[in-house]
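Right, one structure below, let's go through it.
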Amino acid sequence: MLVADILDQRCERVAADITRTGGCAAPVHLDVTSAQDWQTAIVTAARYFGGLDILVNCAGTVGSASIEELAVTEWDCAVATNQTGAFLEAH
């Protein structure tokens, strides 16, 4: 099982617990590097809550090596998460 699947299941359980105790929650999978995931999250927020008033994007990553030793794939992942993710959030 992928880590994302495990986290999605946890998110669904937390949302169900919140709803069961009288609150309102909607679980949404969001890969911050995906424009489609951002759109889905915004549409879901509008449907469940009437829109967004506040949004906190706390996603971020760092490489596991010094810049001289960092693999290009790790660099690309960090840029996509830390920079592209914040860019997509604003659009």
**Asked** Which pairs with one or both residues in residues 15-40 pass salt bridge (Lys or Arg N to Asp or Glu O under 4.0 Å), sequence neighbours excluded?
**Response**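 For residues 15-40, and leaving out neighbouring residues, the salt bridge (Lys or Arg N to Asp or Glu O under 4.0 Å) pairs sorted by first residue read D17-R20.
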**Asked** With distance as the sole test, does T84 use its side chain to make a donor-acceptor pair with the main-chain N or O of T81 at under 3.5 Å?
**Response**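 Flag not set: sc T84 to bb T81 has no pair under 3.5 Å.
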**Item:** A26 versus T44, closest heavy-atom pair with distance
**Value:**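 For A26 versus T44, the nearest heavy atoms are CB-CG2, 4.1 Å.
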**Request:** Provide the closest heavy-atom pair for L52 versus I42 in the form atom of the first, atom of the second, distance.
**Result:** CD1-CG1, 4.2 Å
To the nearest 0.5 Å, what is the distance between [atom1] on [X] and [atom2] on [Y]?
| X | Y | atom1 | atom2 | result |
| --- | --- | --- | --- | --- |
| D76 | T33 | CG | OG1 | 11.5 Å |
| Q9 | L7 | CD | CG | 9.5 Å |
| C77 | L70 | SG | CG | 10.0 Å |
| L30 | Q39 | CG | CD | 11.5 Å |
| R47 | T40 | CZ | OG1 | 9.0 Å |

**Complete:** Taken in chain and number order and not counting sequence neighbours, the residues that satisfy side chain to side chain donor-acceptor pair (under 3.5 Å) with T61 are none
**Message:** The criterion is side chain to side chain donor-acceptor pair (under 3.5 Å); which residues satisfy it with E12, sequence neighbours excluded?
**Reply:**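 Applying side chain to side chain donor-acceptor pair (under 3.5 Å) to E12 gives none.
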**Prompt:** If Ile, Leu, Val, Met, Phe, Trp and Tyr residues are connected whenever their side-chain heavy atoms lie under 4.5 Å apart, and connections chain through other members, are V79 and V32 in the same group?
**Reply:**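 No; V32 is not reachable from V79 via cluster members.
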**Message:** Under a 3.5 Å threshold, yes or no: a donor from one side chain and an acceptor from the other, between S34 and Q36?
**Reply:**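 The answer is no; no qualifying pair exists.
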Name all pairs fulfilling the ring-ring contact (aromatic ring centres under 6.0 Å, His included) condition that reach into [range], sequence neighbours left out, sorted by first residue then second.
| range | value |
| --- | --- |
| residues 2-21 | none |
| residues 50-87 | F87-H91 |
| residues 24-64 | none |

